[in-house]
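To start, the structure itself, in structure tokens.
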Amino acid sequence: MLFRPGTAVWVEHPDHAWAEAVVASPASSSPSSVTVTLAGGAKAVVDGKKVLPRDTEADLGGVDDMTKLVYLHEPGVLCNLARRYGFNEIYLPHLYDMHMMEQYRGVQFGELSPHVFAVTDASYRAMVSEDRSQSILVSGESGAGKTETTKLIMRYLTFVGGRSTGDIRSVEQQVLESNPLLEAFGNARTVRNDNSSRFGKFVEIQFDKSGRISGAAVRTYLLERSRVVQISESERNYHCFYQLCASGQDADKYKLAHPRNFNYLNQSHTYELEGVNEAEEYLKTRRAMDIVGISFSHQEAIFRTVAAILHLGNIEFSPGKEFDSSAIKDEKSKFHLQMAADLLMVDGSLLLSTLCYRTIKTPEGNIVKAVDSSAAAISRDALAKTIYAQLLVDNINMSIGQDMESRALIGVLDIYGFECFKYNSFEQLCINFANEKLQQHFNKHVFKMEQEEYKTEEINWSYIEFVDNQDILDLIEKKPIGIVSLLDEACMLGKSTHETFAMKLFQNFKAHPRLEKPKLSKTDFALSHFAGKASFLVRHAWSSIAFEWVIYQTELFLEKNRDYVNLEHQNLLCSSKCSFLSGLFALQQDDPSKSSYKFSSIASRFKQQLQALMETLSSTEPHYIRCVKPNSLNYPQKFENGSVLQQLRSGGVLEAIRISLAGYPTRRTYTEFIDRFGLLLPEHMDERFDEKSLTEKILRQLHLENFQLGRTKVFLRAGQIAVLDSKRTEILEKAARIVQGRFRTFVACKEFHSTKKASVSLQAYCRGCLARNLLDAKRQIAAAVSVEKYARRWFCRCEYLHLHSSALVIQSGVRYMLAIQKLLQLKNNKAATIIQALWRMRKLYNFHRQYRHATILIQCCWRQKLAKRAFRNLKQAAYETGALREAKGKLEKSLEDLTLRFTLERRQRVAAEESKALEVSKLLKIVESLKCELEAANEEKINGCKEVASMQQQLELSIKDQELLHSNLAQIEELKRENTLLKAKNAEMEQELLKAQKCSHDNMDKLHGVERNYLHLRDNLKNLEDKISNLEDENHLLRQKALSLSPRHSRTMSHPIGSSPCSPKSLLESSPVKIVPLPHNPTELRRSRMNSERHEEYHELLQRCVKDDMGFKKGKPVAACVIYKCLLHWGVFEAERTTIFDFIIQNINTVLKALRPPLKAFGQRNSMSHIDAKYPAMLFKQQLTASLEKIFGLIRDNLKKEISPLLSLCIQAPKLARGGSGRRSRSPDVTLQQPISAHWDRIIKFLDSLMDRLHKNFLAPTTGVLHIFKWRICENWALCTGEMDSGCYRRGAAWDELKYIREAVEFLIIAQKSKRTLEQIKKNICPVVAKMRDMVSSDAQNPVSNSFLLDDDLSIPFTTEEIAEEVPDIDMSNIEMPSSLRHVHSAQFLMQHLQTTYPLR
């Protein structure tokens, strides 16, 4: 065909299959070649025979019916699909909802756009109106959506043919829910699709006379049974296995784990699907079973069988002990064998023998033969495949129920598409064979439809030839020589292999055009199928026929075709206690002389099923739905032209187009034809002709002959529409040239007038420009004069400013030098002041250290003298009392030991008597029982001879018991003897106890004398304590003088030593202080006055809170809470400058002065200067800490003042008592100790009153207020009563400090009982004295002593943080307003309820 330059065409493209192009010109090299320009601008020379016309006026959104395309050829169909896919006209959700079903219900086919529901509705209406069964054939590549389309078809059929009942177990619901069941047990993941159907299914939906669904049945074809035991890489087994492994409790019940643990599932290492939850899918499958009608017991049996198949796969075999025998490999395999037997509910040993042994039937009898491990594994896999193949379909058909009296049916065929992989095996041959059959059926149906349309339009037509694939079908299925027949023959021969099968194949079909032998393999063979990817093309006009050479590998053909009916497997499964499983495999009556293995060909069975399917389809009216996959990678929004074109070819779509092209492919209604080509005959358009005659005139005018005029349409042969388009293009181009000429004349005239107008305007503009230039020249002369004047003025000013700035620089330099000199002088003065202060401090510190050392030395000497004197006195007293005390202690210990032994022996004796009584009672009971048994034995002996043996055994037992009884009696006699011995020992112990009591009375008399001596020694210790207290008072005065000069007290002063408050040094050192300049304008004066008035109100409120006794409310200090709330509300903590903190501290100091006048004011500043931000709060915290320390110091001083006189009276009371007793008697009297207890009662009452005051003020006593005095009280109490070594006082640091004094006193008291030698004194007393001397020297060197006896520092021995930890948190909210502050204006905000809580320590 010749194309004019500029014609839009399609050309072949290596990447995009077909590409858009425009004809540039005929090629000069060859008359049949054409030069075209591609869309990117590149030019190419192509063969004119391979160029197809392109419709430039086609709808950009595509057409919904491809029969409406102007050019019905391969690129036109591909472009239309790509445009519709680009506008997302396929996978929109609303295309399949209930509203869309209502739209297509009852609508004539073709009125609405093509749709799945339109095809389904047409088939349903045809069934109802014509009373004829229908069939819908869904085909396509794996992953194209065949299964989902089948679901939509069944959903629409249940919509139009279902009953309006809400029963979830209706037939309609059962039909719908059968899909997920079939998917779970028949779908698996493949390389191309995650949910690929591995079997073909034909669902028959049966209808009654009223058009309602009455029953259903499912037929399956070629289930891929080999997938149960063997899967390829990146693929999975059937979904039900993975669902059961993820089922949770059911998996545990069947002893299942992760799929990686099972041999049938872990061969591909792919266990999960993206976006799929196996546990949820398992629940959906169980729900579908419930709706379909499968009982719970059958459900359990099905999944138990699935679990048994997994356990079967884990059974491994090893060579047995005998030749060609097998055995279970290990314990793991035994476990899986037993689990499989338990789940199948068969005997485990029978299952093992079925797998490891084979029974051969002969006329002489059955021969049991062992098989090797490989044969046992093959038998195991065969059993698994046999069980799985019979698992579900029959059960679904029985549950739904078939209507044998149904009026008609609609069959939905979901069949696998054409498959061509890198490695093709037996399954691909069967699948492609089925597609060849369906393709032949489709071609015949399309040809029939084409003929029917010609008859409807009443046109003359002749027979149309179409490519028939009967030759490839004969090659595969023809008898006696075909691929299936040769395969069955090879399978029946035991010694045949895949090599012999391939050799026979090539020998019988050496010259067949559809079979070839690959060059690189001896056993592979290639078949030329109807459609595919790599193909050779046979073209006629614009049609193409595609054939593909698919190479098949024959390695596993024989194994996959063999389906031995193993009677031993059937016997095993029929023996199952599970009724469901045994019902699936009924025993068949066969000739007993035959072997237990019967050969059954899968290919032959599939050929028979396929033939039955074709007969069913032939008896119905077919409807076709082709599913097309947009790309092979499963990516969204991606359209691959090559992949789609391959599917169109393999699906027969292009063959249907070829059939149409063989007849009259172009069909247009008369209205459409006149609208498009009426301009070819414009002189007849205004005349009154009908559309048919006008169409005929147009065709006759152009001398076209290959057309037919029908009743409503005009039919054109292939190529005629292109001739009409070329003529139409010529007329349109001629008209375009006329229009262009007129338009160019108009444009030229318009340009002339615009040019003339522009020239006039340009002349006027030029004259104006000349006049403006003259005026500008005059203005420039005047402006130059003015500029010169200002320039001279500017130069003079610049010179003046330069001189002025130089003078300022010189002056600033001189002033800078003077300031530097003054600053250096100030720094020198400051350094001198600091050096002086440090030197004076060091001088005072050395003086204090020497003075303290001398004081401690005097104290030690005096204490040494007193200790020596006390040592001599104590040595005399201890000489007499030591021996008595030691004897008394020994007697008491011996007495305690005797009493303990006595009590233990008495308890043992009582226990022995009780055990003896219990044993005697037990023995008596045993003797009585033995007597009863003997009497019963005698009676039974008289009754009969049958019980003689039992009676003899009982007699033997009774003899043994008697022997045990005699031995127990002997033991009892021994216990009696031991008891008499214990009684004798007890009498002796009682005599010794009486003697010890007498000795104890004598020792008590001696101890009374020792106590009198002890009282005398205690009086001497009291005198020593009085003297020590006097020395402490003197030491206290000295320490106060020394501490008044220490740095610790100097820190509370406002300024360091040697610097005045107003000196410049203090200004330079105190960095936090900032001098605020005075305000210069009236606004600042007014603002400062308002701030001062506000501060006066604040001061009044704070002064009342500090001075008034507001007490506590609900355990909260009212004054502290009010002050904290006020400071927080006024924002004082965030203020840059404030004097409120100083005012609070000043008022607290005033209150403390009233409590103790000698105290100095602390933390007070000489000037009320403003403080920088954040520093006021820190300084206020330090000042409050100092206040707290002073308050606790006051409490301690008051406590010491009150307790010291009482302690002195307690010390003096024993002296007065001792003086009075010397005149009357040396024995102690209770009445003389009464005054001492009275003094202690006064001390206790005072401490109780102090504790009450602390509790009333919510101050915890554990904060350490009494820490300083408790050991002073304990020490005086010990000195008064002589209980210094009592265990109740051996606690704390005070006891450790008195360690060496206690050791010296104990040594002196012990030495009174005997004379000590010089060596003993050196070993005992001298080390103690040396340690005391070391302690004294260390205390003298340490400026801060830890001894509470010498430390009179006013500071507290604990930190404020410890106090804060013991004080509980205080909630600042809900504080009741004090009555004294209710009328204060600045405190009105406290009346409001605060939502926020403020914790305060």
Side-chain angles (χ1 to χ4, degrees), residues 1-24 27 32-63 65-87 89-90 141 531-548 626 628-633 637-661 665-666 718-719 721-722 725:
M1 180 178 179
L2 298 178
F3 294 96
R4 296 167 54 87
T7 304
V9 295
W10 292 100
V11 296
E12 290 186 341
H13 194 275
D15 296 330
H16 305 293
W18 292 95
E20 296 179 356
V22 178
V23 176
S32 62
S33 300
V34 178
T35 303
V36 296
T37 303
L38 300 177
K43 290 187 177 182
V45 179
V46 296
D47 188 2
K49 297 180 180 179
K50 297 182 179 181
V51 177
L52 300 177
R54 176 165 57 93
D55 185 13
T56 57
E57 298 180 4
D59 189 1
L60 296 178
V63 295
D65 187 358
M66 284 190 289
T67 59
K68 299 179 182 178
L69 292 175
V70 176
Y71 299 108
L72 189 61
H73 48 51
E74 186 175 284
V77 173
L78 185 64
C79 178
N80 185 63
L81 289 178
R83 286 177 176 177
R84 286 179 58 79
Y85 184 80
F87 281 94
E89 291 291 337
I90 299 175
E141 188 179 289
K533 298 177 182 177
S535 59
F536 62 89
L537 302 178
V538 178
R539 297 187 180 274
H540 176 72
W542 299 334
S543 64
S544 64
I545 307 169
F547 298 95
E548 179 186 9
R626 301 297 187 190
V628 180
K629 190 175 181 181
N631 59 79
S632 59
L633 301 176
Q637 301 299 327
K638 185 177 181 180
F639 190 87
E640 292 181 353
N641 290 347
S643 176
V644 174
L645 187 60
Q646 159 66 20
Q647 294 177 65
L648 293 176
R649 290 170 178 171
S650 63
V653 177
L654 298 182
E655 177 60 19
I657 295 173
R658 196 199 66 80
I659 295 174
S660 298
L661 291 176
T666 304
I721 194 71
D725 279 339

Heavy-atom pair with the smallest gap, counting every atom of [X] and [Y]:
X: V644; Y: K629; answer: CG2-O, 3.8 Å
X: S632; Y: S643; answer: N-OG, 4.2 Å
X: A24; Y: P5; answer: O-CB, 3.3 Å
X: V22; Y: V9; answer: N-CG2, 4.4 Å

Rounded to the nearest 0.5 Å, what's the gap from [atom1] on [X] to [atom2] on [Y]? Could you check?
X: H13; Y: L38; atom1: NE2; atom2: CG; answer: 6.5 Å
X: E12; Y: D47; atom1: CD; atom2: CG; answer: 9.5 Å
X: W18; Y: L645; atom1: CH2; atom2: CG; answer: 8.5 Å
X: K49; Y: S33; atom1: NZ; atom2: OG; answer: 10.5 Å

Quick check against the 3.5 Å criterion: does [X] have a side-chain atom that pairs as donor or acceptor with the backbone of [Y]?
X: Y85; Y: N80; result: no
X: H16; Y: A19; result: no
X: E141; Y: Q647; result: no

>> Using the salt bridge (Lys or Arg N to Asp or Glu O under 4.0 Å) criterion, which residues pair with K638? Sequence neighbours excluded.
In response: E640
>> Going by the rule side chain to side chain contact (heavy atoms under 4.5 Å, CB included), which residues pair with A82 if we only count those two or more places apart in sequence or in a different chain?
In response: F639
>> Please enumerate all residues that pass side chain to side chain donor-acceptor pair (under 3.5 Å) together with T7, with sequence neighbours excluded.
In response: none
>> The test is side-chain contact (heavy atoms from CB on, under 4.5 Å); show your working for V34 and V11 and say whether it passes.
In response: CA-CA 10 Å; V34 178; V11 296; over 6 Å; no
>> The test is side-chain contact (heavy atoms from CB on, under 4.5 Å); show your working for R626 and L648 and say whether it passes.
In response: CA-CA 9 Å; R626 301 297 187 190; L648 293 176; over 6 Å; no
